[in-house]
Amino acid sequence: MKNKEIADIFFEIAEMMEILGDNLFRINSYKKAARVLNDLTEDVELLSKENKLKDIPGIGTGMAEKITQYIAERRIDKYEELKREIPEGVIRLMEIPGMGPKTAQLVFKALNITNIEDLQKAVKEGKLRGLPGIGQKKEEAILKGIKIIKDLGNRILLGVALPIVSEMVKKIKQNGAKLVSPAGSLRRMKETVGDIDILVGDKDGRKIISDFVRQGGVKEVLAVGDTKGRVIVEGGTQVDIRVVSPDCFGAALQYFTGSKEHNVRLREIAKTKGLKINEYGIFKGDNKIGGEKEEDIYELLGIEWIPPVLREDRGEIEAAQTKKLPRLVAMEDIKCDLHVHSNWSDGTTEIMALAEEAERLGYTHIVISDHSQSLKIANGLDLKRIEAQIEEIKKINKDLKGFKLLCGSEVDIKADGSMDFPDSILKELDVVIGAIHTNFKQEKKVLTGRIIKAMENPNVDIIAHPTGRLIGAREAYDVDMNEIIKAAHNTKTALEINSHYDRLDLQDIWAHKAKENGVKMAIGTDAHHIDNLWMMRLGVGLAGRAWLEKKDILNTLSHDSLIKYLTN
DNA sequence: GCCGTTTTCGGCCCGACTGTTTTCAGTCG
């Protein structure tokens, strides 16, 4: 699929137009088109062939032409023209906090600076001094910004950010604040977050913030004010804190949770109703008519409250207007973890300890799913050992009261699509999870066919980490997800939402697509240690972002219902 | 450049902060 390639180009076009000072609304059209293409699960190439590009919201005549040209010629005229005017490095300059399109253009035009290193050097040599709008403070801000992006690198994984924020929220509450919540993309459970936002509703902002910046774990303080603070914590993550008056907490929480696109839509709706929304409340003329609670905002706009994980302007506002929002799956609905490794293969925790911890977490059962024989590097179980493990689990089950272990295995799907255990073993197992761990680089058709062949084996219940991507580290393997979803439906095979923090695979847009096609999903932490079991939260968050409900998720079934479902 | 249950033309979200400014541009979320 060329969707992402084209989205990237559209986004870059928008940035170059910003630098050139083009019309803002036109720029916005490119950004919107880029976003829509990124979220699209249909292949644009196919839509182009069927002449359906203009059915995509945000794609009109101009965008459709450009997409068509790219598919045919692998180039877009407008993009090529812009690239001749603006070198790529100039766009990168805008990644520096405090550098926007105007400043990027200024240093490029005046000093021919086209990369971050040259910019840093020029500032230090005082070459920016005297340019319009540049003073000493601005120079310092640019140097600081350069340091931040060099230190900070890219976005952080949700699974890394969540524990940090939980700890901080706890500390702020210990210091006396009552209204405390994470905001931003973290509250929306996006798979990666740029920085961490924490919102506090309290009268005494100065005290909250000075306590906050002095807590342990803070490496550097970037800003301290009465309403805002910003620190870098150990590990290089930036954390922002904002304090608002308690009677504005709801409006501020709504505002700072975003997404930006979602908020823009809400303000448009407000405008049609003669209302105005900002971070202090919702207003009719000069009268504040709500804002203490987040629910106020939605209620006064005449729509249902929308869970944060849905706030991406991907149809949730329309659903809220027509009272068709899904009842999202929640942690309380989860009765089991469907993918757990023990010390029988490459995990480090004993089966019994996993069972005890799972029970403590409120589950009624879990699936022990160690690796199969050919995955030698992970100490995969051979036929003898898997038989022995099945016996062991049966034995432990006899000792457990009110909790059950299921015998499972994460069985390798071999290069030809056959399974790494004979059917006689697969039949004995309660849960068979098919997974690809080798030969990632096969051609798309081969790889897709390989997974489909595995799904056609009636003993295979779940396909693990269907796209194989590792966030920021390894690209997804080249599979035709639409075909996989179709086959999953036909063979009644579940697709996994692998909730290990560096996988989160299926991604939200595909999990949503799978649901639309009647495919069930199985959340598995892929835990290799007792301390990994908490990552179920990440999978449930992802499921929410995919609009999944209780009925879409196998983890919500009781032990007996699950067994029944799997044997039918 | 997109879009339309008031529109095929004329709209397209809002406010704070910062730094550079004598009234505002740029950046950010």
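A close approach under 4.0 Å does not occur between any side-chain nitrogen or oxygen of Thr61(A) and OP1 or OP2 of dG1(B).
The stretch residues 14-33 of chain A comes close to DNA chain B through Phe25(A), Arg26(A), Ser29(A), Tyr30(A), each having a heavy atom under 4.0 Å from the strand. For the contact set between residues 294-302 of chain A and DNA chain B, defined by any heavy atom under 4.0 Å, there are no members. Contacts between residues 64-100 of chain A and DNA chain B, defined by a heavy-atom separation under 4.0 Å, are made by Lys66(A), Ile96(A), Pro97(A), Gly98(A), Met99(A), Gly100(A).
With sequence neighbours excluded, the residues forming a ring-ring contact (aromatic ring centres under 6.0 Å, His included) with Trp547(A) are His512(A), listed by chain and number. Taking the ring-ring contact (aromatic ring centres under 6.0 Å, His included) definition, one finds that Tyr30(A) meets it with Phe10(A), sequence neighbours left out. Legend: residues meeting ring-ring contact (aromatic ring centres under 6.0 Å, His included) with His500(A), ordered by chain and number and at least two apart, are absent.
Thr525(A) and Asn532(A) share no donor-acceptor pair across their side chains, judged by distance under 3.5 Å alone.
Rounded to whole Å, atom C1' of dC2(B) lies 15 Å from atom CG of Leu53(A). Remark: C1' of dG1(B) and CD1 of Ile13(A) are 12 Å apart, rounded to the nearest angstrom. If you measure from atom CZ of Arg242(A) to atom P of dC28(B), you get 13 Å, rounded to the nearest angstrom. Gln254(A) has its CD atom 14 Å from the P atom of dC14(B), to the nearest Å. Taking atom CG of Asp55(A) as the reference point, atom C1' of dC2(B) lies 15 Å away to the nearest angstrom. Here dG29(B) presents its P atom at 16 Å from CG of Leu186(A), a figure rounded to the nearest Å. In this structure, Arg187(A) places its CZ atom 19 Å from P of dG29(B), rounding to the nearest Å. The CD-P distance, from Glu318(A) to dT5(B), rounds to 12 Å in whole Å.
Among residue pairs with one or both ends in residues 99-125 of chain A, those qualifying as side-chain hydrogen bond (donor to acceptor under 3.5 Å, both in side chains) are Asn115(A)-Asp118(A), Gln120(A)-Lys150(A), Glu125(A)-Lys127(A); sequence neighbours excluded. Applying the side-chain hydrogen bond (donor to acceptor under 3.5 Å, both in side chains) test to residues at least two apart or on different chains, the pairs with a partner in residues 254-264 of chain A are Arg187(A)-Thr257(A), Gln254(A)-Asn263(A), Gln254(A)-Tyr298(A), Ser259(A)-Glu261(A), His262(A)-Tyr298(A), His262(A)-Glu316(A). Within the structure, side-chain hydrogen bond (donor to acceptor under 3.5 Å, both in side chains) contacts touching residues 158-181 of chain A (residues at least two apart or in different chains) do not occur.
A donor-acceptor contact shorter than 3.5 Å links the side chain of Asn3(A) to the backbone of Glu42(A).
Counting all heavy atoms, side chain and backbone alike, Ile289(A) lies closest to Leu300(A) at O-CD1, 3.4 Å. Closest approach of Arg242(A) to Asp240(A), counting heavy atoms only: NH2-OD2, 4.0 Å. Ala161(A) and Leu186(A) make their closest contact through CB-CD1, 3.4 Å (heavy atoms, listed as atom of the first residue, atom of the second, distance).
Of the candidates dC2(B), dC12(B), dG29(B), dG29(B) carries the atom nearest the Phe256(A) side chain, counting heavy atoms from C-beta on.
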Tabulate atom names and distances for all N/O pairs under 3.5 angstrom spanning the protein and nucleotides 15-17 of chain B.
{"from": "dG15(B)", "atom 1": "OP1", "to": "Lys276(A)", "atom 2": "NZ", "distance (Å)": "2.9"}

Could you go through nucleotides 19-22 of chain B and list every protein N or O atom that sits under 3.5 Å from one of its N or O atoms, giving the distance for each pair?
{"from": "dT20(B)", "atom 1": "OP1", "to": "Gly135(A)", "atom 2": "N", "distance (Å)": "2.5"}
{"from": "dT20(B)", "atom 1": "OP1", "to": "Gly135(A)", "atom 2": "O", "distance (Å)": "3.2"}
{"from": "dT20(B)", "atom 1": "OP1", "to": "Lys138(A)", "atom 2": "N", "distance (Å)": "3.1"}

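With rounding to the nearest 0.5 Å, the separation of CD1 in Ile232(A) from NZ in Lys147(A) is 8.0 Å. A distance of 7.0 Å separates CE in Met481(A) from OG1 in Thr467(A), rounded to the nearest 0.5 Å.
At a threshold of 4.0 Å, the pair Arg314(A)-Asp508(A) counts as salt-bridged, since one of the basic side-chain nitrogens sits closer than that to a carboxylate oxygen.
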Show the atom names and distances, to 0.1 Å, of all donor-acceptor pairs under 3.5 Å that link a side chain in residues 78-89 of chain A to residues at least two apart or in another chain.
{"from": "Tyr79(A)", "atom 1": "OH", "to": "Glu12(A)", "atom 2": "OE2", "distance (Å)": "2.9"}
{"from": "Glu88(A)", "atom 1": "OE2", "to": "Arg92(A)", "atom 2": "NH1", "distance (Å)": "2.6"}

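Across all strands shown, dT8(B) forms no Watson-Crick or G-U wobble pair with both distances under 3.5 Å.
Remark: of the listed residues Asp197(A), Val180(A), Ile172(A), Ile172(A) is the sole one forming a side-chain contact (heavy atoms from CB on, under 4.5 Å) with Ile241(A).
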